[in-house]
Engineer: 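Attaching a single structure in C-alpha cells format; questions to follow.
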Amino acid sequence: MFHEERARIARIMREITGAEEVEDGGIHADLATSAAFALAKIERRSPMEIARELGERIAKHPDIGDMRIEVKGPYVNFHFGDSYAEKVLSRAIRERFVEGERKEERLVVEHTSANPNGPLHVGHIRNSIIGDSLARTFRCMGYRAETQYYVNDIGRQIAIVVFGLGKTGIARMDGEKGDHFIARVYIAANRLLEQSEETVEEIDRLMQQVERGDPATVAVFRRAVEDCLAGINETLKALNVIHNRFIWESDFVRNGDVERVIARVKRLPQCHEDGTLYLDLSAEGIEKPYVLKRSDGTTVYAARDLAYHIWKGHNFDRMIDVLGADHKLIGTQLIATLVLLGEVPPVILHFEFVSLPEGSMSTRAGKFVSADDLVREVTEKAFGEVTKRRPDLPEDERWRIARSVAIGAIRYDIVKVSPEKSTVFDWREALDFERQSGPYVQYAHARACSILAKAGEFTPAYELTNEFEVALMKQIGKLPFVMEQVMHELRPHLLAAYARELADLFNTFYRYVPVLKSEGPTRASRLTLVLATRNALREALEALGIDALSSM
RNA sequence: GGGCCUGUGGCUUAGCCUGGACAUAGCGCCGGGCUUCUAACCCGGAUGUCGGGGGUUCAAAUCCCCCCAGGCCCGCCA
C-alpha cells in the first residue's frame with residue numbers, strides 16, 4: 001500500500017538525514033525527496049552532488065527492498081518495485097479492502113442539527129453530506145463512529161412555530177410533509193411578529209413556560225418538533241444520511257445538566273451576573289461576552305450546548321462537530337469555556353455558506369431550495385437518462401437506479417468542493433451526470449461489475465503488462481492513504497477527487513485493455529485488477545454515501 | 001469599524017496548513033472515436049498576469065506584510 005511505502009521511505013530518510021522529507025513524486029516518480037536542497041545549504045555543497053550521494057546511501061539501505069532509486073538533478077526519486085502490484089492487489093481483492101483491525105476509540109460526529117422549523121434546504125445538506133461522509137470514512141477504517149443530530153426543541157424559533165400554530169390558523173394539507181407544513185407556519189408567524197410587539201412578549205412567555213416544564217406547553221412544542229423532524233428524517237434517509245441518535249436539547253434542561261453546568265460556570269472568575277449571566281472570555285482572545293442566561297432567567301442555546309458537549313465528552317473519546325461558518329464565534333466560545341471547565345472540547349469542522357444566485361437563503365423569509373425539491377428534480381432527470389439507456393429494464397428497476405444515480409449526483413456535487421469555499425447553488429451543475437460527477441464514478445463501478453459477472457471463476461494473478469494496468473493499480477494502492485488523510489484533515493472532498501481519478505484510470509484501462517478476450521495469466525491478472533478496482537470504487541463510494549450500483 | 005473565510009483559463013474547481021521538477025480536473029469551445037467487456041465512455045487541440053503590489057528564500061499558487069473584491073460573523077437568535 002502507498003501509505004506503507006511512504007512511511008518506510010520516511011523512516012529511511014529520518015535515519016539518513018534526520019528529517020522525514022518525502023513528497024509525492026508527481027509525474028516523475030511514485031515518491032520523491034528534495035532533501036538535497038536543505039542539506040546543500042548546511043553542507044555548503046551543490047544539491048546535485050548531495051542528491052547523488054544520498055541516492056547511493058538510500059539504495060544501500062537494507063529496508064529499501066526492490067524499490068528503484070533514481071537521482072535526477074537535485075531530486076531523489078523512488079519507483080515502487082515489481083512486488084508492489086501483488087502487495088496492493090492481493091490486499092484489495094479481499095472482501096473488505098481498507099478496513100484494518102477494529103479501533104476501540106469511540107467517536108461522535110454531530111452534524112446537520114438544523115432547527116426543526118422547516119425542511120432541510122440545499123445549505124443544510126452540505127452539513128449533512130460532509131458530516132455523513134466523514135463518519136462513513138471513519139467507519140470504513142474500522143472506527144466506532146456514532147452520528148448525532150442535536151435537536152433544538154426549546155429555542156425561540158420553535159416558540160415562534162408554536163405561536164404560529166395557535167394564531168395563524170394554518171392547517172396541514174393532505175399529504176403534506178410535516179417539515180414543509182411547519183415551514184409555512186413559521187413563515188406566517190414571522191410575518192405576524194413583524195407587526196406587533198405584543199406577539200414578541202407572547203413568545204417570551206411560551207419560552208418561559210416550556211423551560212419551566214409546563215406540561216401543556218411542553219406537549220405542543222414536542223408535537224411540532226416531532227412533525228417537523230419526521231419530515232427532515234425522511235429527507236435525510238433519501239439522501240443516504242444516517243443519524244444513529246437524535247439528541248433533544250430539552251433533555252439537558254429536564255435532567256438538571258444545564259443547571260449543573262451553570263453552577264460550575266458561576267464559580268469561574270470569568271463569570272458575571274448583571275441582568276444576564278455571561279462569561280467574559282477576553283483573556284482567551286474572545287471579545288464578545290458569552291451569554292448563557294437571559295435576564296428573565298431562561299437559558300439560551302449556548303448553555304444547553306455546553307451541557308450537551310460535557311455529556312458527549314464523558315461518553316465518547318473524540319467529538320467532531322460539523323457546523324456552518326456562521327457558528328465560528330460561538331464555536332470558539334464553546335471550546336474556550338469547556339477548556340476553562342476542565343472538559344474536553346470538540347473539534348469543529350466549519351463549512352462556508354451555500355447561497356442562491358439571487359442571494360442568501362432564509363427559512364424565515366421562505367427563500368430557499370428545499371432538499372426534497374432537489375432530490376425530486378434530479379431523480380426525474382436521472383429516470384429520463386436511465387430510460388434512454390436501458391429501455392429494456394422494467395420501470396421499477398429504472399426508478400431504483402434513478403434514485404441511486406440522483407443521490408450520487410447530489411452528494412458528489414456537494415462533497416467535492418472543499419468546505420472552506422462558499423458556493424452558489426446551480427441547477428445546471430446539480431443536474432449534470434458527466435465526468436466530474438457521482439454517476440461517472442458509479443458508472444465505472446457498474447462497468448467493473450459487468451466484466452466480473454461475465455468472467456466466471458478465476459485464480460488471482462499479479463502480472464501487469466502495460467502502463468494502463470500499472471497506473472490503475474497504483475491508484476488503488478492509495479485508497480487507505482487518502483482515507484487516512486480525510487480522517488486527519490477532516491476533508492472528505494479529497495475522497496471525492498480520489499474516486500474520480502480512480503474512475504478516470506479505470507475508464508482508460510477499459511478502453512484500451514481487453515479483459516474477457518485476453519487469455520491465460522494475462523486474463524487472470526486483468527480480472528484481478530478489475531476486482532480490485534471494483535472493491536476500491538465500492539469502498540470509496542460507500543464512504544461517500546453513494547450507492548455502488550452493479551448495473552445502470 | 002473589527003474578526004474569520006475565499007479570490008487559480010469564459011464558467012466551476014484541485015493543489016495552499018507540511019514551499020521544490022512542465023499548476024489539477026470538469027463544463028463550454030474546436031477536431032476525432034460505438035462490427036471490441038454498458039459511449040453516463042475514450043482520445044487529441046486551443047485557452048492561465050495562480051486578485052494586485054511588496055517581502056522572505058537557492059526556490060513562492062503555497063510563507064509574511066499592505067491593498068482590492070466577495071461571503072460569513074460581531075443578538076438576552078441558533
Side-chain angles (χ1 to χ4, degrees), chain A residues 20-21 23 25-29 32-34 36-38 40-41 46-47 72-75 77 113-115 117 152 155-158 160 204 249 275-278 285-289 291-302 304-305 323-330 332 350-353 355 360 382 385-386 388-390 405 409 416-424 426 428-429 432-444 446-455 489 493-494 496-497 500-501 503-504 507-508 510-518 526 530 551-552:
Chain A
E20 293 191 356
E21 265 199 62
E23 61 226 39
I27 56 161
H28 309 280
T33 179
S34 54
F37 285 111
K41 190 149 200 183
S46 101
K72 236 185 192 158
Y75 300 95
N77 292 333
S113 302
N115 281 333
N117 57 0
N152 171 16
R156 174 161 245 109
Q157 275 85 342
I158 308 313
I160 293 171
D204 286 342
E249 209 179 307
T276 64
L277 186 147
Y278 68 94
I286 303 163
E287 293 307 323
K288 289 287 157 190
V291 178
L292 300 178
K293 268 191 166 184
R294 301 184 183 92
S295 49
D296 68 2
T298 56
T299 54
V300 297
Y301 165 84
R304 278 111 56 182
D305 205 25
L323 297 170
D326 55 337
H327 286 63
K328 277 184 184 174
L329 173 60
I330 199 138
T332 336
H350 290 286
F351 65 93
E352 291 287 333
F353 266 48
S355 59
S360 52
E385 295 290 325
V386 177
K388 200 158 47 180
R389 286 156 229 268
R390 305 294 300 276
V405 166
K416 73 179 179 193
V417 182
S418 12
E420 65 271 15
K421 222 138 187 164
S422 43
T423 62
V424 178
D426 181 344
R428 209 194 95 247
E429 271 170 46
D432 179 20
F433 304 148
E434 284 182 11
R435 241 182 121 170
Q436 228 161 53
S437 75
Y440 173 79
V441 181
Q442 289 172 302
Y443 185 65
R447 280 178 144 184
C449 288
S450 172
I451 291 177
L452 293 168
K454 287 174 182 161
E489 302 175 21
H493 76 281
L494 298 174
R500 196 211 75 233
E501 280 163 29
D504 280 347
N507 280 328
T508 306
Y510 185 93
R511 163 70 180 77
Y512 290 107
V513 186
V515 177
L516 295 177
K517 284 188 176 165
S518 59
R526 288 177 183 171
V530 173
S551 164
M552 62 188 275

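Treat the numbers as computed from the prediction; the structure is a model and nothing was measured. Each chain gets a letter, A, B and so on, in the order its sequence line appears, and its residues count up from 1.
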Engineer: Could you tell me the separation between the CD1 atom of Ile330(A) and the P atom of G75(B), rounded to a whole number of Å?
Structural biologist: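 That distance rounds to 11 Å.
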Engineer: Applying a 4.0 Å non-hydrogen cut-off, can you work out what Val513(A) is touching in the nucleic acid: base, sugar-phosphate, or nothing?
Structural biologist: base
Engineer: Taking any heavy-atom pair under 4.0 Å as a contact, classify Tyr440(A): base, sugar-phosphate, or nothing.
Structural biologist: sugar-phosphate
Engineer: Look at the side-chain N and O atoms of Arg447(A) and state whether any lies under 4.0 Å from the OP1 or OP2 oxygen of U38(B).
Structural biologist: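 So the side chain of Arg447(A) is outside the cut-off, no N or O lying under 4.0 Å from OP1 or OP2 of U38(B).
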Engineer: Report the distance from atom CD of Glu385(A) to atom P of C41(B), rounded to the nearest whole Å.
Structural biologist: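 To the nearest whole Å, that distance equals 10 Å.
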Engineer: NA contact type, Ser34(A), heavy-atom cut-off 4.0 Å: base, sugar-phosphate, or nothing?
Structural biologist: base
Engineer: What about Asn507(A): does its side chain form a donor-acceptor pair under 3.5 Å with the base of A39(B)?
Structural biologist: no
Engineer: Can you tell me the distance, in whole Å, between the CG atom of Asp426(A) and the C1' atom of C27(B)?
Structural biologist: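 From Asp426(A) CG to C27(B) C1': 10 Å.
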Engineer: Could you check which nucleotide pairs with C34(B) in any of the strands shown, counting Watson-Crick or G-U wobble with both distances under 3.5 Å?
Structural biologist: none
Engineer: Between Arg435(A) and Asp504(A), is the closest basic N to carboxylate O distance under 4.0 Å?
Structural biologist: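 Judged by the 4.0 Å cut-off on N to carboxylate O distance, Asp504(A) and Arg435(A) do form a salt bridge.
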Engineer: If I take atom CZ in residue Arg500(A) and atom P in nucleotide C27(B), what distance separates them, rounded to the nearest angstrom?
Structural biologist: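 Interatomic distance, CZ of Arg500(A) to P of C27(B): 10 Å.
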Engineer: Which one, A21(B), C5(B), A78(B), comes nearest to the side chain of His327(A)?
Structural biologist: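 Nearest listed nucleotide: A78(B).
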Engineer: Test side chain to side chain contact (heavy atoms under 4.5 Å, CB included) on Arg526(A) and Leu516(A); report intermediate values, then the result.
Structural biologist: CA-CA 9 Å; Arg526(A) 288 177 183 171; Leu516(A) 295 177; over 6 Å; no
Engineer: Under 4.0 angstrom, heavy atoms only, what part of the nucleic acid is Arg304(A) near: base, sugar-phosphate, or nothing?
Structural biologist: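 Sugar-phosphate only.
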Engineer: Less than 3.5 Å between a donor and an acceptor, one on the side chain of Ser295(A) and one on the base of C76(B), is that the case here?
Structural biologist: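 Yes, the side chain and the base share a sub-3.5 Å donor-acceptor pair.
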Engineer: Which one, A40(B), A14(B), C73(B), comes nearest to the side chain of Leu329(A)?
Structural biologist: C73(B)
Engineer: In this structure, how many angstroms lie between the P atom of C11(B) and the CZ atom of Arg435(A), rounded?
Structural biologist: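 Taking atom P of C11(B) as the reference, CZ of Arg435(A) is at 21 Å.
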Engineer: Compare the minimum distances between each of C76(B), A40(B), C37(B) and the side chain of Thr276(A), then state the nucleotide with the smallest one.
Structural biologist: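 Selected nucleotide: C76(B).
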Engineer: Closest to the Tyr510(A) side chain: A39(B), C72(B), A40(B)?
Structural biologist: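 Closest of the options to the side chain of Tyr510(A): A39(B).
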Engineer: Mind calculating the distance between CD (Glu429(A)) and P (U13(B)) to the nearest angstrom?
Structural biologist: 7 Å
Engineer: Base, sugar-phosphate or nothing for His350(A)? Non-hydrogen atoms, less than 4.0 Å.
Structural biologist: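 It contacts nothing in the nucleic acid.
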Engineer: With a cut-off of less than 4.0 Å, is there a side-chain N or O of Ser422(A) near OP1 or OP2 of C72(B)?
Structural biologist: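 Ser422(A) to C72(B) OP1/OP2: no side-chain N or O under 4.0 Å.
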Engineer: Roughly, in whole Å, what's the span from CZ in Arg389(A) to C1' in A40(B)?
Structural biologist: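 Those two atoms, CZ and C1', are 4 Å apart.
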Engineer: Restricting both atoms to N or O, compile the protein contacts to nucleotides 58-65 of chain B shorter than 3.5 Å, with distance only.
Structural biologist:
from   : atom 1 : to       : atom 2 : distance (Å)
C58(B) : OP1    : Lys41(A) : NZ     : 3.1

Engineer: For the pair made of CD in Glu501(A) and P in C42(B), what is the distance, rounded to whole Å?
Structural biologist: 13 Å
Engineer: If we take the C1' atom in both G2(B) and A40(B), what is their distance in whole Å?
Structural biologist: 50 Å
Engineer: What's Ser113(A) touching, base or sugar-phosphate or nothing? Going by heavy atoms closer than 4.0 Å.
Structural biologist: nothing
Engineer: Between A78(B), U38(B), C17(B), which one does the side chain of Lys454(A) approach most closely?
Structural biologist: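 Minimum distance to the Lys454(A) side chain belongs to U38(B).
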Engineer: Considering non-hydrogen atoms only, spot the tightest contact between Asn507(A) and Arg447(A) and give its length.
Structural biologist: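 Looking at all heavy atoms of both residues, the closest pair is OD1-NH1, 2.8 Å.
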Engineer: Could you tell me whether Val515(A) contacts a base, only the sugar-phosphate backbone, or nothing, with contacts defined as non-hydrogen atoms closer than 4.0 Å?
Structural biologist: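 If one applies the 4.0 Å heavy-atom cut-off, Val515(A) turns out to touch a base.
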Engineer: Think Lys421(A) has a side-chain N or O under 4.0 angstrom from the OP1 or OP2 of G7(B)?
Structural biologist: yes
Engineer: Need the pair for A23(B). Rule: Watson-Crick or G-U wobble, both distances under 3.5 Å, any strand; none if unpaired.
Structural biologist: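 Partner of A23(B): none found under 3.5 Å.
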Engineer: Using a heavy-atom cut-off of under 4.0 Å over every strand shown, decide if Val530(A) touches base, sugar-phosphate, or nothing.
Structural biologist: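 No contact.
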Engineer: Looking at the side chain of Val386(A), which of G71(B), A40(B), U38(B) is the nearest nucleotide?
Structural biologist: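 Nearest to the side chain of Val386(A) among the choices is A40(B).
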Engineer: Below the 4.0 Å mark, does A78(B) have OP1 or OP2 next to a side-chain nitrogen or oxygen of Tyr301(A)?
Structural biologist: no
Engineer: Scan Asp204(A) against the nucleic acid and name what it touches under 4.0 Å (heavy atoms): base, sugar-phosphate only, or nothing.
Structural biologist: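 Nothing: the residue Asp204(A), judged by heavy atoms under 4.0 Å, touches no strand.
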Engineer: Tell me what Ala446(A) touches on the nucleic acid: a base, only sugar-phosphate, or nothing, going by heavy atoms under 4.0 Å.
Structural biologist: base
Engineer: Could you list, one pair per line, each protein nitrogen or oxygen that sits under 3.5 Å from a nitrogen or oxygen of nucleotides 34-36 of chain B, together with the distance?
Structural biologist:
from   : atom 1 : to        : atom 2 : distance (Å)
U36(B) : O2'    : Lys517(A) : NZ     : 3.3

